[in-house]
Amino acid sequence: MNKFLKSCAAATMALAMVGCSQGQTEGEGEKANIGIIQYAEHPALDQAYEGFVEGLKENGYDTDAVEIDYKNAQGDQSNNKTIANTFVNDNVDLIYAIATPSAQAAANETKDIPIVVSAVTDPQTSGLVKSNDKPDTNVTGTSDLNPIDAQIDLLKQMVPNAKKIAIMYCNAEDNSRFQADLAKKKAEDLDLEVVEATVTDSNQIQQVTESLVGKVDAIYVPTDNLLAEGMASLTQVTNANKIPTIVGEEGMVANGGLATYGLDYYELGKMAGKPQKF
């Protein structure tokens with residue numbers, strides 16, 4: 001998480017990149033304009049937004065210095081593109097993009113406006129930077145790569161007799177595929193047979209989960225935006241059939257998952273809202 005944050009900007013990050021100092025803007029009476037694009041509405045991403053706003057306040061960027069235009073894409077990629085295009089046309093000073101699809105939409109629309117991202121698992125794999133060590137793009141921010149090895153270890157500890165598990169994710173999300181590959185490797189190291197159960201839209205969640213009943217001993221769900229939104233549909237099936245479900249973050253536990261080792265998305269957002277000089 002820290003590595004990407006500290007390596008992604010050539011000189012400064014967040015509001016420092018748009019020429020603001022704490023509590024003021026470049027011209028008297030002017031405000032820095034920040035466009036915030038959030039991919040979907042679920043607890044982890046909501047916390048990444050709330051933490052970012054709190055991070056700005058803690059570092060002196062109050063409403064007298066910053067004007068925020070917050071928009072939610074409601075899980076629709078066409079909305080992502082429209083919002084990103086609007087921010088570019090409005091010539092905002094900075095874009096804060098929450099989740100990989102929104103970050104990709106923003107990066108596709110501008111190579112000039114600074115983009116701070118959060119809740120992005122692997123910026124390099126997602127095509128946002130040339131490399132995580134030397135990004136060489138207009139993108140910086142915080143990664144939410146989870147302790148996936150620890151999460152699979154937790155599954156094994158909680159279901160010690162497990163032989164076969166499902167890794168369930170949306171195959172349209174780059175971050176989900178990346179996490180699924182890491183989880184599969186760790187599971188195989190623990191001699192667990194893996195079934196990949198993928199969905200492409202929310203209408204498939206219940207059906208795919210039902211197809212796993214009686215076939216797997218446990219389910220692992222990474223920090224997947226589609227499944228985070230649809231956890232109620234997933235856990236309605238898993239809890240009724242007593243299938244232990246280890247998930248990627250705490251909001252998914254609150255919505256019915258069994259357990260997790262995860263990140264604090266509020267603190268992740270605060271990190272993204274903290275100007276840093278390197």
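Note: hydrogens, waters and symmetry copies are ignored here, and every other heavy atom, side chains too, is used. What you see is a predicted model; the values in this text were computed from it and never measured.
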Q) Would you say the side-chain atoms of Asp122 and Asn132 include a donor-acceptor pair closer than 3.5 Å? A) yes
Q) What do the steps show when you test Ile165 against Val216 for side chain to side chain contact (heavy atoms under 4.5 Å, CB included), and what is the final call? A) CA-CA 5 Å; Ile165 70 167; Val216 298; 5.5 Å; no
Q: Can you sort out the partners of Tyr96 under ring-ring contact (aromatic ring centres under 6.0 Å, His included), two or more places apart, ordered by chain and number?
A: Phe52
Q) Does Gln74 CD have over 12 foreign heavy atoms under 6.0 Å away? A) yes
Q. Do Thr260 and Glu249 meet the criterion of a side-chain donor-acceptor pair at a distance under 3.5 Å?
A. no
Q: Please collect all side-chain hydrogen bond (donor to acceptor under 3.5 Å, both in side chains) contacts where either partner lies in residues 97-112, sequence neighbours excluded, each pair once.
A: Asn80-Ser102, Lys81-Glu109, Asn85-Glu109, Gln104-Asp174
Q | Shortest non-hydrogen contact between Val159 and Ala218, atoms and distance | A | CG2-CB, 4.3 Å
Q.
Ignoring hydrogens and geometry beyond distance, is a side-chain donor-acceptor pair present between Tyr169 and Glu196 at under 3.5 Å?
A. yes
**Q.** Test log, rule side chain to side chain donor-acceptor pair (under 3.5 Å), inputs Asp133 and Ser131
**A.** CA-CA 5 Å; Asp133 292 322; Ser131 79; 5.4 Å; no
(Q) What I want to find out is whether Lys185 reaches Asp181 closely enough, with some N-O distance under 4.0 Å, to be called a salt bridge. (A) no
Q: Could you tell me whether the side chain of Ile37 reaches within less than 4.5 Å of the side chain of Ile98, counting heavy atoms only?
A: no
**Q.** Test ring-ring contact (aromatic ring centres under 6.0 Å, His included) applied to Tyr49 - qualifying residues, sequence neighbours left out
**A.** Tyr70
Q: Looking only at non-hydrogen atoms, find the nearest pair between Ala107 and Val139 and report the distance.
A: CB-CG2, 4.4 Å
Q | Minimum heavy-atom distance between Met168 and Leu212, given as atom pair plus value | A | SD-CD1, 4.4 Å
Q. Where do Gln151 and Gly262 come nearest, in terms of heavy atoms and distance?
A. NE2-CA, 4.3 Å
**Q.** Tyr261 with Phe178, same ILVMFWY side-chain cluster at under 4.5 Å
**A.** yes
(Q) To check you understand the geometry: which heavy-atom pair defines the closest contact between Ser118 and Thr142, and what is its length? (A) OG-OG1, 3.1 Å
Q. Do you know which of Val247, Thr245, Ile148 makes side-chain contact (heavy atoms from CB on, under 4.5 Å) with Tyr220?
A. Ile148
Q. Which atoms form the tightest heavy-atom contact between Ala97 and Ile115, and what is the distance?
A. CB-CG2, 4.4 Å
